[in-house]
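Only heavy atoms go into these numbers, but all of them, side chains included; no hydrogens, no water, no symmetry mates.
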Amino acid sequence: IAEEDSYLEPILSQASQERYWDRRFIYPVDEPCIGSLYGQRRDYNNGNFFFYHTGLDFTVCAQNLNVYAAAAGEVVVSEALYVKGNAIVIDHGWGVYSIYAHLAEFRVQAGDIVQPGDLIGIIGNTGRSAGPHLHFEIDILGIPVNPLSWLDQEFP
């Protein structure tokens with residue numbers, strides 16, 4: 001975990017001057033069935049280690065496995081990571097980032113500009129994952145926040 005966090009930290013801690021998103025983020029899947037909420041305690045190794053969930057997990061409920069950009073931005077990461085598996089990170093400007101993890105396939109690459117609803121990947125089971133799902137995370141300057149806040153309210 002520490003190695004992956006140290007790799008992502010300099011990427012997620014930058015605040016670009018341009019704001020790409022507008023008002024509200026959209027759900028990144030067609031049928032948002034939430035399997036695990038932000039902040040839930042996670043126990044590993046028979047309770048010898050615990051951590052708190054840094055995002056939302058969407059289980060597979062739709063007839064497809066499509067993953068969409070939640071808001072406009074620039075793809076800054078599109079690669080395989082150890083814990084998050086195949087992951088995409090989108091910079092939305094002003095230090096706001098969305099992360100899409102455990103993907104089976106990438107449909108974008110670093111440097112691509114995306115709009116809300118653009119197909120960016122396919123749900124999978126890569127990295128540290130117990131089954132097919134999308135781990136969706138919102139980070140503000142490298143600090144995970146509750147993604148539901150960004151999906152359920154508008155930001156002027």
Side-chain angles (χ1 to χ4, degrees), residues 1-16 19-21 24-44 50-61 65-110 112 114-153 155:
I1 295 172
E3 185 177 325
E4 188 167 300
D5 286 348
S6 66
Y7 172 71
L8 291 173
E9 190 274 329
I11 297 167
L12 298 174
S13 63
Q14 300 203 16
S16 57
R19 174 180 159 171
Y20 299 106
W21 91 90
R24 181 186 305 227
F25 282 40
I26 65 169
Y27 279 86
V29 294
D30 284 311
E31 294 184 35
C33 297
I34 297 174
S36 183
L37 293 169
Y38 171 83
Q40 285 184 318
R41 181 180 163 128
R42 297 270 176 97
D43 292 312
Y44 303 96
F50 73 92
F51 198 72
Y52 295 97
H53 194 219
T54 58
L56 287 175
D57 285 346
F58 291 103
T59 58
V60 178
C61 293
L65 302 174
N66 295 340
V67 176
Y68 306 102
E74 179 181 356
V75 176
V76 293
V77 172
S78 180
E79 62 188 79
L81 303 172
Y82 180 74
V83 176
K84 289 181 173 32
N86 293 338
I88 293 170
V89 177
I90 299 176
D91 176 2
H92 301 288
W94 289 7
V96 178
Y97 294 84
S98 59
I99 300 172
Y100 310 78
H102 308 302
L103 302 173
E105 297 175 21
F106 299 108
R107 297 294 169 95
V108 293
Q109 59 188 358
D112 287 351
V114 296
Q115 298 301 317
D118 284 356
L119 180 64
I120 61 170
I122 302 296
I123 290 174
N125 186 26
T126 59
R128 191 169 64 199
S129 172
H133 72 285
L134 170 66
H135 172 85
F136 176 65
E137 188 170 322
I138 300 289
D139 283 33
I140 311 295
L141 292 174
I143 299 170
V145 298
N146 189 343
L148 285 175
S149 298
W150 288 78
L151 297 170
D152 291 339
Q153 65 183 344
F155 291 89

Enter the distance from Glu79:CD to Tyr7:OH here, rounded to the nearest 0.5 Å. 3.0 Å
Side-chain heavy-atom pair Leu56, Leu151 within 4.5 angstrom cut-off: yes
Please state whether the rings of Trp94 and Trp21 are parallel, tilted or perpendicular, taking 30° and 60° as the class boundaries. perpendicular
Around Gln109, counting heavy atoms of other residues, nucleotides and ligands shown, do more than 12 lie under 6.0 Å from its CD? no
When rounded to the nearest 0.5 angstrom, what distance separates CD in Glu9 from CD in Gln14? 9.5 Å
Taking the side chain from Tyr100 and the backbone from Ala69, do they hold a donor-acceptor pair closer than 3.5 Å? no
For Val60 and Leu134: C-alpha separation, side-chain torsions, deciding distance, then whether side-chain contact (heavy atoms from CB on, under 4.5 Å) applies. CA-CA 8 Å; Val60 178; Leu134 170 66; over 6 Å; no
pair Ser13-Leu141: side-chain heavy atoms closer than 4.5 Å: no
Measuring from atom CD of Glu137 to atom CG of Asp57, what distance do you get when rounded to the nearest 0.5 angstrom? 10.0 Å
Under 6.0 Å from the OH atom of Tyr82, do we count more than 12 heavy atoms belonging to anything else shown? no
If we ignore hydrogens and angles and just use 3.5 Å, is the side chain of His102 paired with the main-chain N or O of Asn86 as donor and acceptor? no
Please determine, by modelled atom types, if Asp91 and Tyr20 share a side-chain donor-acceptor pair under 3.5 angstrom. no
Neighbour count above 12 (heavy atom, 6.0 Å) for Gln153 CD: yes
Heavy-atom check, side chain of Ile1 versus side chain of Arg128, under 4.5 Å: yes
Is the shortest side-chain heavy-atom distance between Leu81 and Leu8 below 4.5 Å? yes
Look at the side chain of Ser78 and the backbone N and O of Val108, then say whether any donor-acceptor pair between them is shorter than 3.5 Å. yes
Measure up the Phe58 and Phe136 rings against each other and bin them: parallel (under 30°), tilted (30 to 60°), perpendicular (over 60°). tilted
Quick check: does any side chain N or O of Thr59 sit under 3.5 Å from a backbone N or O of Cys33, one acting as donor and the other as acceptor? yes
So, taking the atom named CG in Asn66 and the one named CG in Asp30, what distance separates them when rounded to the nearest 0.5 Å? 6.0 Å
Roughly how far apart are Phe106 CZ and Asp112 CG, rounded to 0.5 Å? 12.5 Å
Taking distance alone, no hydrogens or angles, what donor-acceptor pairs closer than 3.5 Å link side-chain atoms of residues 114-125 to residues at least two apart or in another chain?
from   : atom 1 : to     : atom 2 : distance (Å)
Asp118 : OD2    : Gln115 : N      : 2.8
Asn125 : OD1    : Ser129 : OG     : 2.6
Asn125 : OD1    : Gly131 : N      : 3.1

With rounding to the nearest 0.5 Å, note down the distance linking OG1 in Thr54 to CG in Asn146. 11.0 Å
Just wondering, do Phe155 and Val96 contact through their side chains at under 4.5 Å, heavy atoms? no
Any heavy-atom pair between the side chains of Ile34 and Leu148 that's under 4.5 Å? yes
Does the side chain of Tyr68 come within less than 4.5 Å of Arg107's, by heavy atoms? no
Compare all side-chain heavy atoms of Ile140 with those of Ile138 and state whether any distance is below 4.5 angstrom. yes
